[in-house]
Amino acid sequence: MSTILEKIAAIESEMARTQKNKATSAHLGLLKAKLAKLRRELISPKGGGGGTGEAGFEVAKTGDARVGFVGFPSVGKSTLLSNLAGVYSEVAAYEFTTLTTVPGCIKYKGAKIQLLDLPGIIEGAKDGKGRGRQVIAVARTCNLIFMVLDCLKPLGHKKLLEHELEGFGIRLNKKPPNIYYKRKDKGGINLNCMVPQSELDSDLVKTILSEYKIHNADITLRYDATSDDLIDVIEGNRIYIPCIYLLNKIDQISIEELDVIYKIPHCVPISAHHHWNFDDLLELMWEYLRLVRIYTKPKGQLPDYNSPVVLHNERTSIEDFCNKLHRSIAKEFKYALVWGSSVKHQPQKVGIEHVLNDEDVVQIVKKV
């Protein structure tokens, strides 16, 4: 493993030494591709028997969504979990109090949301320091990341944490690159640019692909892309997760400083100890999770508004709704009656393809 780490360090130092200009762009692109390949080997080593997984890290997924707390040691992650979910997570005045993942669960707007208090990350976690790789592996399975920062410590911590997560293939608050990429058996590399490119040209794309031993592929760049975007698409193991930055311990700063903090995008100032601004945090969490609540209505009864069926924003058809209830329902489905904002008439008869909106009421009619 140390040889991979040594190679990564050597490439990073070479990239730091190299000047960025038109002449060196191909060389830098090649180095970035090599770095991405080595990082992937770190995440999932080649071959070898399955080693003994360290106990106490992976937690069974429950509820409708999963939120992970990521941050340096002693920023208040455990206090936040204890006060939000009422779960006891050990809190003390020294670093690394939490050594394993501590799960908690809250109910918000009818949805069950699992909260995970992960152990603190230190610099170099992506290279395996301080059990960082297991922590970040659990973070990859979350629907939303709460990055807990101490507002008394410099915001350089935010950059460091982002760098650690990016080294592990997690992209925060980003959309997947709008690049079409398809490998083929013959025909060379066919590059189409729909807009003028400032960084990528035909030679640089060929250099990056040759590092991956790809000599035949179709690539369409639909926007002004960077070499990092192209590498992300080729690697194909990147995960795009929304992230909220929580600036904790605001009870120790002045009002003027708080006004400045509020201007940072994707950011919520809170005080975990005093329960300040939790409403704002939960509201933003709901917005970022993009969940849709659907209420069920049994025939001849009032709708059940206490326990909605919660779907993710991208999968809200009647078919997804049926599968969430039970796999057999979609096979016996005849039609559904829908009340709410997704239909013109109240109620309206719809088919299995119909897309539902938040807080719709649905009654399913089965084949006899």
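Throughout, residue positions are numbered sequentially from 1 according to the sequence presented.
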Criterion side-chain contact (heavy atoms from CB on, under 4.5 Å) on Ile244 and His266, from CA distance to verdict: CA-CA 5 Å; Ile244 299 175; His266 312 294; 5.8 Å; no
Under 4.5 Å between side-chain heavy atoms, hopping through other hydrophobics if needed: is there a path connecting [X] to [Y]?
{"X": "Val362", "Y": "Leu325", "value": "yes"}
{"X": "Leu115", "Y": "Leu282", "value": "yes"}
{"X": "Phe72", "Y": "Leu116", "value": "yes"}
{"X": "Ile239", "Y": "Val233", "value": "no"}
{"X": "Leu31", "Y": "Val205", "value": "no"}

Looking only at heavy atoms, which two atoms of [X] and [Y] are closest? And how far apart?
{"X": "Gly29", "Y": "Ile208", "answer": "O-CG1, 3.8 Å"}
{"X": "Ile231", "Y": "Ala36", "answer": "CG2-CB, 3.4 Å"}
{"X": "Ala10", "Y": "Ser13", "answer": "O-OG, 2.8 Å"}
{"X": "Glu211", "Y": "Lys37", "answer": "O-NZ, 3.0 Å"}
{"X": "Phe69", "Y": "Asp117", "answer": "CB-CA, 4.3 Å"}
{"X": "Leu144", "Y": "Pro242", "answer": "CD1-O, 3.3 Å"}

Test log, rule side-chain contact (heavy atoms from CB on, under 4.5 Å), inputs Ile170 and Arg140: CA-CA 7 Å; Ile170 296 175; Arg140 273 177 78 100; 3.6 Å; yes
Quick one, [X] and [Y] - any side-chain contact, counting heavy atoms below 4.5 Å?
{"X": "Leu356", "Y": "Val338", "answer": "yes"}
{"X": "Ile179", "Y": "Arg222", "answer": "no"}
{"X": "Val70", "Y": "Val148", "answer": "no"}
{"X": "Leu35", "Y": "Ile8", "answer": "yes"}
{"X": "Gln363", "Y": "Pro298", "answer": "no"}
{"X": "Lys112", "Y": "Thr62", "answer": "no"}
{"X": "Phe146", "Y": "Lys77", "answer": "no"}
{"X": "Lys182", "Y": "Ile219", "answer": "no"}

Just verifying a value: how many Å separate [X] [atom1] and [Y] [atom2], rounded to the nearest 0.5 Å?
{"X": "Ile270", "Y": "Ile250", "atom1": "CD1", "atom2": "CD1", "result": "8.0 Å"}
{"X": "Leu38", "Y": "Glu12", "atom1": "CG", "atom2": "CD", "result": "10.0 Å"}
{"X": "Glu359", "Y": "Lys109", "atom1": "CD", "atom2": "NZ", "result": "8.0 Å"}
{"X": "Gln114", "Y": "Asn143", "atom1": "CD", "atom2": "CG", "result": "9.5 Å"}
{"X": "His273", "Y": "Asn83", "atom1": "NE2", "atom2": "CG", "result": "8.5 Å"}
{"X": "Asn323", "Y": "Ile318", "atom1": "CG", "atom2": "CD1", "result": "11.5 Å"}

Expected output: side-chain [X] to main-chain [Y] donor-acceptor under 3.5 Å:
{"X": "Thr24", "Y": "Gln19", "value": "yes"}
{"X": "Gln197", "Y": "Ala225", "value": "yes"}
{"X": "Asn313", "Y": "Leu291", "value": "no"}
{"X": "Asn216", "Y": "Asp185", "value": "yes"}

Contact list for residues 175-220, test ring-ring contact (aromatic ring centres under 6.0 Å, His included), sequence neighbours left out: none
Sequence neighbours excluded - ring-ring contact (aromatic ring centres under 6.0 Å, His included) pairs with any residue from residues 299-336: Tyr295-Tyr305
Who are the salt bridge (charged side-chain N to carboxylate O under 4.0 Å, His left out) partners of [X], not counting sequence neighbours?
{"X": "Lys107", "result": "none"}
{"X": "Asp218", "result": "Lys184"}
{"X": "Lys61", "result": "none"}

side-chain hydrogen bond (donor to acceptor under 3.5 Å, both in side chains) contacts touching residues 223-232 (sequence neighbours left out): Lys32-Ser227, Arg171-Asp232, Ser198-Asp224, Glu199-Ser227, Tyr223-Asp229, Thr226-Asp229, Asp232-Arg238
[X]: side chain to side chain contact (heavy atoms under 4.5 Å, CB included) partners, not counting sequence neighbours:
{"X": "Cys243", "answer": "Ile145, Met147, Leu172, Asn173, Tyr245"}
{"X": "Thr316", "answer": "Val292, Leu311, Val355"}
{"X": "Gln346", "answer": "Trp339, Val343"}
{"X": "Ser341", "answer": "Asn357, Asp360"}

Salt bridge flag under 4.0 Å for residues Asp150 and Lys249: yes
Residues Lys174 and Glu166 bridged, charged N to O under 4.0 Å: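 Result for this pair is yes, salt bridge flagged.
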Flag if over 12 foreign heavy atoms under 6.0 Å of CG, Asp279: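 Atom CG in Asp279 is not packed in, count stays at 12 or less.
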From CA spacing to verdict: side-chain contact (heavy atoms from CB on, under 4.5 Å), His354, Gln348: CA-CA 11 Å; His354 178 76; Gln348 186 170 323; 5.8 Å; no
Leu191 vs Leu221, side-chain contact (heavy atoms from CB on, under 4.5 Å): CA-CA, chis, key distance, verdict: CA-CA 8 Å; Leu191 177 67; Leu221 305 173; 4.0 Å; yes
Check: His27/Glu14 side-chain N/O donor and acceptor closer than 3.5 Å: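 Judged by distance alone, the side chains do pair up.
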Short side-chain donor-acceptor distance under 3.5 Å, Asp304 and Thr296: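 No.
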Selection residues 313-335 - residue pairs positive for salt bridge (Lys or Arg N to Asp or Glu O under 4.0 Å), sequence neighbours left out: Asp64-Lys324, Arg290-Glu314, Glu332-Lys366
Under 3.5 Å donor-acceptor pairs involving side-chain atoms of residues 255-265, not counting sequence neighbours:
residue	atom	partner	partner atom	Å
Glu257	OE1	Ser254	N	3.0
Glu257	OE1	Ser254	OG	3.2
Tyr262	OH	Asn277	ND2	3.2
Tyr262	OH	Asp280	OD2	3.0

